[in-house]
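We're numbering straight along the sequence, starting at 1.
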Amino acid sequence: MVHEQVEEPKVKVEKPRVKIERKEGEPTAAFKGASWAALTLGVGAYLIGLFNASMELNEKGYYFAILIFGLYASVSLQKAVRDRDEGIPVTGIYYGISWFALIVAISLMAIGLYNAGSIILSEKGFYGMAFVLSLFAAITVQKNIRDTQRAREIDL
């Protein structure tokens with residue numbers, strides 16, 4: 001009589017996942033990552049489009065300056081609005097200038113694209129959408145940074 005060796009089925013042992021503790025009020029890692037990805041994609045697409053555009057260098061400089069101005073203005077306004085909401089003193093002049101700067105940046109972009117004869121309509125749409133995505137993503141990234149900082153300060 002031949003005795004056969006019967007192998008027992010191997011049981012797969014899963015390693016326990018290490019759960020990263022998130023502080024109360026802190027955005028999730030997925031939301032932070034999505035915000036940074038949106039900012040990178042928006043600004044990157046805008047700059048790649050600008051680099052490859054067949055426009056004069058001074059026109060490229062105009063659109064680059066508007067992007068930088070718009071990013072700064074949007075973050076500045078988000079901070080001023082949130083500070084006011086949280087009872088942190090914000091002067092009326094700073095609050096007003098923040099709104100004015102964002103409106104001017106968006107207006108300059110719209111006026112520039114409307115009057116750009118060398119850019120076809122689809123490129124105008126591309127620049128407009130990349131600009132808006134970049135502004136929104138900059139606001140979101142700044143909010144995430146502030147929420148994370150606040151959550152960690154409360155925990156201390």
Side-chain angles (χ1 to χ4, degrees), residues 13-53 55 57-116 119-156:
V13 178
E14 290 187 29
K15 294 179 184 176
R17 290 186 199 170
V18 177
K19 185 174 180 183
I20 298 172
E21 192 68 29
R22 196 168 50 90
K23 311 291 185 222
E24 180 70 30
E26 182 180 8
T28 63
F31 187 66
K32 290 180 196 178
S35 300
W36 276 104
L39 181 60
T40 303
L41 287 171
V43 171
Y46 187 96
L47 293 176
I48 289 169
L50 204 55
F51 179 78
N52 291 315
M55 57 179 81
L57 192 56
N58 61 339
E59 196 175 358
K60 288 181 179 184
Y62 173 81
Y63 288 111
F64 178 74
I66 290 175
L67 176 65
I68 300 304
F69 179 43
L71 290 171
Y72 179 79
S74 64
V75 169
S76 182
L77 177 61
Q78 193 274 346
K79 182 179 178 351
V81 167
R82 184 155 174 185
D83 283 354
R84 272 193 162 189
D85 185 60
E86 293 176 353
I88 299 170
V90 176
T91 63
I93 190 77
Y94 184 80
Y95 186 74
I97 287 172
S98 296
W99 269 110
F100 179 73
L102 184 61
I103 291 167
V104 167
I106 293 169
S107 298
L108 286 173
M109 178 58 118
I111 292 166
L113 290 175
Y114 179 78
N115 291 312
I119 302 175
I120 62 175
L121 191 57
S122 62
E123 288 178 348
K124 289 179 182 184
F126 165 79
Y127 285 115
M129 292 308 296
F131 182 73
V132 170
L133 173 63
S134 298
L135 296 186
F136 180 76
I139 291 168
T140 308
V141 166
Q142 195 274 340
K143 179 191 177 309
N144 288 343
I145 290 170
R146 185 164 172 167
D147 287 347
T148 300
Q149 181 180 3
R150 164 91 27 101
R152 290 182 180 165
E153 286 173 357
I154 290 172
D155 194 46
L156 295 178

> Among Ile97, Ile139, Leu135, whose side-chain contact (heavy atoms from CB on, under 4.5 Å) with Leu102 holds?
Replying inline: Leu135
Please report, to 0.1 Å, the donor-acceptor pairs under 3.5 Å made by any side chain of residues 65-75, with sequence neighbours excluded.
residue	atom	partner	partner atom	Å
Ser74	OG	Gly70	O	3.1
Ser74	OG	Leu71	O	3.0

>> Under the side chain to side chain donor-acceptor pair (under 3.5 Å) definition, can you give me all pairs with a residue in residues 88-98, not counting sequence neighbours?
In response: Ser76-Tyr94, Ser76-Ser98, Tyr95-Trp99
> If you look only at pairs with a residue in residues 123-132, which of them pass as a side chain to side chain donor-acceptor pair (under 3.5 Å), with sequence neighbours excluded?
Replying inline: none
>> Give me the atom names and distance for the closest heavy-atom approach of Glu59 to Ala116.
In response: OE2-CB, 4.1 Å
> To the nearest 0.5 Å, what is the distance between CD1 (Ile103) and CG (Leu108)?
Replying inline: 12.0 Å
>> Please check if the number of heavy atoms outside Phe136 that lie under 6.0 Å from its CZ is greater than 12.
In response: no
> Taking all atoms of both residues into account, what is the closest heavy-atom pair of Ala130 and Ser134, and its distance?
Replying inline: O-OG, 2.7 Å
> Do other residues, nucleotides or ligands put more than 12 heavy atoms under 6.0 Å from Leu57 CG?
Replying inline: no
> From Gln142 CD over to Gln78 CD, what is the distance, rounded to the nearest 0.5 angstrom?
Replying inline: 4.0 Å
> In Å and rounded to the nearest 0.5 Å, what is the CG to CZ distance from Leu47 to Phe64?
Replying inline: 6.5 Å
> Is Lys32 salt-bridged to Glu26, going by a charged N under 4.0 Å from an acidic O?
Replying inline: yes
>> Once salt bridge (Lys or Arg N to Asp or Glu O under 4.0 Å) is applied, what residue pairs with a partner in residues 126-143 remain, sequence neighbours excluded?
In response: Lys143-Asp147
> Among all residues two or more places apart in sequence or in another chain, which pass the side chain to side chain donor-acceptor pair (under 3.5 Å) test with Asn144?
Replying inline: Ser35
>> Does any part of the side chain of Thr148, heavy atoms only, come nearer than 4.5 Å to the side chain of Arg152, both counted from C-beta?
In response: yes
>> Using the side chain to side chain donor-acceptor pair (under 3.5 Å) criterion, which residues pair with Arg146? Sequence neighbours excluded.
In response: Asp83, Glu86
> Could you give the distance from CD1 (Ile106) to CD1 (Ile111), rounded to the nearest 0.5 Å?
Replying inline: 12.0 Å
> Rounded to the nearest 0.5 Å, how far does CD1 of Ile119 lie from CZ of Phe126?
Replying inline: 11.0 Å
> Hey, are the side chains of Tyr63 and Leu113 touching, using non-hydrogen atoms and a 4.5 Å cut-off?
Replying inline: yes
> Is the number of heavy atoms from other residues, nucleotides or ligands under 6.0 Å of Ile88 CD1 greater than 12?
Replying inline: yes
